**Student:** 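Structure in structure tokens, see below.
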Protein chains: 2
Amino acid sequence: MSEMTNSYDINEFKNPIFTVDSVLFTVKDDALKVLMVKRANEPFIGNWGLPGGFVDVDSDTTTDGTALRKLEEKTSVAPQYLEQLQVFSGNARDPRGFSVTLVYFALIPAQEVSSHIDTVDDVQWIDIKNINSLSIAFDHKVIIDQAKERLQQKALYSMVPVYCLPEYFTVGQLKSVIETIIGKTIQRKSLIRRIESTDMFETIDEKVKSGGRLAQQYKVKAGVDIVNFERNLSS
Amino acid sequence: MSEMTNSYDINEFKNPIFTVDSVLFTVKDDALKVLMVKRANEPFIGNWGLPGGFVDVDSDTTTDGTALRKLEEKTSVAPQYLEQLQVFSGNARDPRGFSVTLVYFALIPAQEVSSHIDTVDDVQWIDIKNINSLSIAFDHKVIIDQAKERLQQKALYSMVPVYCLPEYFTVGQLKSVIETIIGKTIQRKSLIRRIESTDMFETIDEKVKSGGRLAQQYKVKAGVDIVNFERNLSS
DNA sequence: AGTTATTTGTGTCATAAAGACACTAAGTTG
DNA sequence: CAACTTAGTGTCTTTATGACACAAATAACT
């Protein structure tokens, strides 16, 4: 059973190295991008790695707090969406010994961070398609791949992709974001049916230009949870 | 970025307490049950807790290994199915300080362990319906609830419940297991359609008694992965 | 041996949500 | 004002599941 010692002694067990990392996605210029940080220290100095770090047991109340704190250090804002992806562990993934990394999966609208990112040169949005041609630290390439698959799955049965969009958005924008995430086109009609069948969104009175007919704007209702549909989009 | 120190020093950071626990389910006597262990030590001595413990960085190669090792200590066999559920963390869930628990979610056929469990009195299958009337350690009650919900969801869009059944099983048995997991009845016909549409199972020549007409037996094909369906059962 | 109850398995129509796609609406550009 | 573009609707098709009657095979009982 867990935590079974009478008095916990930090030296009684060789503790694994425990860190929290995040895969923060956005959609920008019709491409799916991940926030990566250029490593300033060993190991893997100079390589790109995921934003993250150690838990601060004095200031963090949970590991969610750790993930948020580390992301805010790099982007200056909190992501719109944050959930646990998975733990990656092993005695071979870090040269310093057995390590455990709790990885979060997060989404944010591109324009909420772009201005801040342009001012530093060790933080960057990397196009998911270019990941394989870069030097990536640890097993972060595998981690990003897992996160991408999760995101693609979620895009088929939920509305998570809205968290890559600004407060007000149109059906066309949402359709485009979903399509760049899953790499396929979807039916506009199907998307509209879903928007209307959930109770997640409210319509905005004022419409917006889009190159043709004015488009209806939507926003996510305050305090609503993400809705899961009973079946996947497929087209 | 993660793991950023030049030379890792165990004392440089106050490390959280890290443990691995498992929620091992089975279906027995038409009820969903969880394997619980009576705690022999503080904190929560005498309460029921989930099987688990610390990583042994010398013998475990990953946290999956930790989960399996701890489960085998209690059941003497490996579960049929094992996947990560979620990390539970915080500075309030363990009286000894900030703690992180990686929880696995596992399935096993009841008869594979029952004989072993009957010989000890600190390990027991607890009916999920009785959890609330027992003294449960830490936040394990919440954890079990999350695991139950995940299992119920998975039962709607995958065949995971087969891992609660012996090698050879019938449609009737699988239907019954699914129904006790999700707490609703399902259509036999829908289940058969799913069994036949995936390539997960093979039929066994010899049929088996069941109180009426002899029933076709199935088994999971060797080396196949779990299949996910595009939509949920609902009825 | 025959009747009844029980469980297994099939046939088939209804339902619900998505796909396909034409068509209309309302803007912009030249 | 014609041509183009994007937004939104109407509606028929497709697909997997739900519902449920019915047939098949076996046990139990008289």
Side-chain angles (χ1 to χ4, degrees), chain A residues 30 153-159 161 165 168-180 182-219 227-235, chain B residues 30 153-159 161 165 168-180 182-219 227-235:
Chain A
D30 287 317
Q153 274 307 307
K154 288 228 162 199
L156 295 178
Y157 65 80
S158 83
M159 287 295 189
L165 287 171
Y168 296 163
F169 61 90
T170 67
V171 175
Q173 290 172 327
L174 181 53
K175 175 166 182 284
S176 163
V177 165
I178 293 174
E179 287 175 343
T180 61
I182 66 174
K184 299 183 199 171
T185 60
I186 60 168
Q187 296 284 330
R188 166 187 297 274
K189 181 75 182 184
S190 300
L191 183 56
I192 293 174
R193 281 193 283 235
R194 285 189 161 195
I195 289 174
E196 287 172 353
S197 74
T198 71
D199 213 33
M200 275 189 71
F201 308 105
E202 54 190 289
T203 57
I204 307 297
D205 280 346
E206 136 196 33
K207 306 200 174 188
V208 76
K209 293 183 186 179
S210 62
R213 175 174 169 175
L214 297 184
Q216 173 68 53
Q217 290 190 103
Y218 294 86
K219 65 172 285 193
V227 175
N228 293 328
F229 300 96
E230 299 285 286
R231 56 199 282 193
N232 288 0
L233 295 177
S234 54
S235 157
Chain B
D30 286 317
Q153 275 306 307
K154 289 228 161 197
L156 295 178
Y157 65 80
S158 84
M159 287 294 189
L165 287 171
Y168 296 163
F169 61 90
T170 67
V171 174
Q173 289 172 327
L174 180 54
K175 176 167 183 282
S176 162
V177 164
I178 293 174
E179 288 176 341
T180 62
I182 65 174
K184 299 183 201 171
T185 59
I186 61 168
Q187 296 284 330
R188 163 186 301 272
K189 181 74 182 185
S190 300
L191 183 57
I192 292 174
R193 281 193 284 233
R194 286 189 160 194
I195 290 173
E196 286 172 353
S197 74
T198 71
D199 214 33
M200 275 189 72
F201 309 104
E202 53 190 289
T203 56
I204 306 297
D205 280 343
E206 140 198 30
K207 307 201 173 188
V208 76
K209 293 184 188 179
S210 63
R213 177 173 168 175
L214 295 185
Q216 174 68 55
Q217 289 190 102
Y218 296 86
K219 64 171 285 190
V227 176
N228 292 328
F229 300 96
E230 299 284 287
R231 53 201 285 195
N232 288 359
L233 295 178
S234 55
S235 157

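For the numbers below, each heavy atom of this structure counts, side chains included, while hydrogens, waters and symmetry mates do not. Remember, predicted model here, so these are calculated numbers, not experimental data.
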**Student:** In whole angstrom, what separates E179(B)'s CD from dT7(C)'s C1'?
**Tutor:**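 It is 14 Å, rounded to the nearest whole Å.
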
**Student:** Not counting sequence neighbours, which residues clear ring-ring contact (aromatic ring centres under 6.0 Å, His included) with F201(B)? List them please.
**Tutor:**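 With sequence neighbours excluded, F201(B) shows a ring-ring contact (aromatic ring centres under 6.0 Å, His included) to F169(B), given in chain and number order.
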
**Student:** What integer distance in Å separates Y157(B):OH from dA16(D):P?
**Tutor:**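 About 19 Å, once rounded to whole Å.
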
**Student:** Would you kindly give the CG-to-P distance between L191(B) and dG18(D), to the nearest whole Å?
**Tutor:**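 About 10 Å, once rounded to whole Å.
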
**Student:** Which donor-acceptor pairs under 3.5 Å do side chains of residues 170-179 of chain A form with protein atoms, sequence neighbours excluded?
**Tutor:**
residue	atom	partner	partner atom	Å
T170(A)	OG1	G172(A)	N	3.4
T170(A)	OG1	Q173(A)	N	3.1
Q173(A)	OE1	T170(A)	N	2.9
K175(A)	NZ	E179(A)	OE2	3.0
S176(A)	OG	D30(A)	OD1	3.4
E179(A)	OE2	I186(A)	N	2.9

**Student:** With respect to the side chain of I192(A), which nucleotide from dT9(D), dA7(D), dT17(D) is positioned closest?
**Tutor:**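 My answer, after comparing the listed nucleotides, is dT9(D).
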
**Student:** Please round to the nearest 0.5 Å and tell me the distance separating atom CG of L233(A) and atom NZ of K184(A).
**Tutor:**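 Answer for the CG-NZ pair, L233(A) versus K184(A), is 9.5 Å.
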
**Student:** Residues two or more places apart in sequence or in another chain: which of them pass side-chain hydrogen bond (donor to acceptor under 3.5 Å, both in side chains) with K219(A)?
**Tutor:**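 With sequence neighbours excluded, K219(A) shows a side-chain hydrogen bond (donor to acceptor under 3.5 Å, both in side chains) to E167(A), given in chain and number order.
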
**Student:** What is the distance, to the nearest angstrom, from the CD1 atom on I195(A) to the C1' atom on dA7(D)?
**Tutor:**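 Distance, rounded to whole Å: 12 Å.
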
**Student:** Filter on side-chain hydrogen bond (donor to acceptor under 3.5 Å, both in side chains), then keep only pairs touching residues 202-212 of chain A, sequence neighbours left out; what's left?
**Tutor:**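 Output for this query is empty, none listed.
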
**Student:** How close or far is atom C1' of dG19(C) from atom CZ of R194(A), stated in whole angstroms?
**Tutor:**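 Rounding to the nearest Å, CZ of R194(A) and C1' of dG19(C) are 12 Å apart.
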
**Student:** Below 3.5 Å between N/O atoms, which protein atoms pair up with nucleotides 27-30 of chain D? Just atom names and distances, please.
**Tutor:**
none

**Student:** Could you go over nucleotides 21-25 of chain C and give all protein N or O partners under 3.5 Å, atom names and distances?
**Tutor:**
residue	atom	partner	partner atom	Å
dA25(C)	O4'	R213(A)	NH1	3.3
dA25(C)	N3	R213(A)	NH1	3.3

**Student:** Please determine, for the side chain of S234(A), which listed nucleotide (dA18(C), dG8(D), dT10(C)) has the closest atom?
**Tutor:**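 Taking heavy atoms from C-beta onward, the closest nucleotide is dA18(C).
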
**Student:** For F169(A) and dA7(D), give me the distance from atom CZ to atom C1', rounded to whole Å.
**Tutor:**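 It works out to 15 Å between those atoms.
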
**Student:** What contact category does E230(A) fall into here, base, sugar-phosphate, or nothing, at under 4.0 angstrom with non-hydrogen atoms?
**Tutor:**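 Touches nothing.
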
**Student:** Choosing from dA16(C), dG19(C), dG9(C), which nucleotide comes nearest the side chain of L233(A)?
**Tutor:**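 Looking only at heavy atoms from C-beta outward on L233(A), the closest nucleotide is dG19(C).
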
**Student:** Residues two or more places apart in sequence or in another chain: which of them pass side chain to side chain contact (heavy atoms under 4.5 Å, CB included) with R193(A)?
**Tutor:**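 Side chain to side chain contact (heavy atoms under 4.5 Å, CB included) check on R193(A) returns K189(A), S190(A).
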
**Student:** Where each residue is assigned the nucleotide of DNA chain C containing its nearest heavy atom, which of N232(A) and V171(B) is assigned the position nearer the 5′ end?
**Tutor:**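 Residue closer to the 5' terminus by nearest nucleotide: V171(B).
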
**Student:** Without decimals, in angstroms, what is the distance between K175(B) NZ and dT6(C) C1'?
**Tutor:**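 After rounding, the gap between these two atoms is 13 Å.
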
**Student:** Are R188(A) and dA7(D) close enough that a side-chain N or O sits under 4.0 Å from OP1 or OP2?
**Tutor:**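 For dA7(D), OP1 or OP2 has a side-chain N or O of R188(A) closer than 4.0 Å.
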
**Student:** Quick check for you: among dT17(D), dG9(C), dG19(C), whose closest atom lies nearest to any side-chain atom of S190(B)?
**Tutor:**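 So the side chain of S190(B) is nearest to dT17(D).
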
**Student:** Do the non-hydrogen side-chain atoms of N232(B) and Q153(B) ever get within less than 4.5 Å of each other?
**Tutor:**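 Yes. Closest side-chain heavy atoms under 4.5 Å.
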
**Student:** Is the closest side-chain heavy-atom distance between F229(B) and T198(B) below 4.5 Å?
**Tutor:**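 Touching, per the 4.5 Å side-chain cut-off.
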
**Student:** Got a donor-acceptor pair under 3.5 Å from the side chain of R193(A) to the base of dG19(C)?
**Tutor:**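 Looking at the base of dG19(C), it does pair with a donor or acceptor on the side chain of R193(A) (distance under 3.5 Å).
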
**Student:** Say you draw a straight line from OH of Y218(B) to CG of L165(B); how long is it, rounded to the nearest 0.5 Å?
**Tutor:**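 Atom-to-atom, Y218(B):OH and L165(B):CG are 13.5 Å apart.
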
**Student:** Expressed in angstrom and rounded to an integer, what is the separation of K207(A) atom NZ from dT28(C) atom C1'?
**Tutor:**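 Rounding to the nearest Å, NZ of K207(A) and C1' of dT28(C) are 17 Å apart.
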
**Student:** Where do R194(A) and S158(A) come nearest, in terms of heavy atoms and distance?
**Tutor:**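 Looking at all heavy atoms of both residues, the closest pair is NH1-N, 4.5 Å.
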
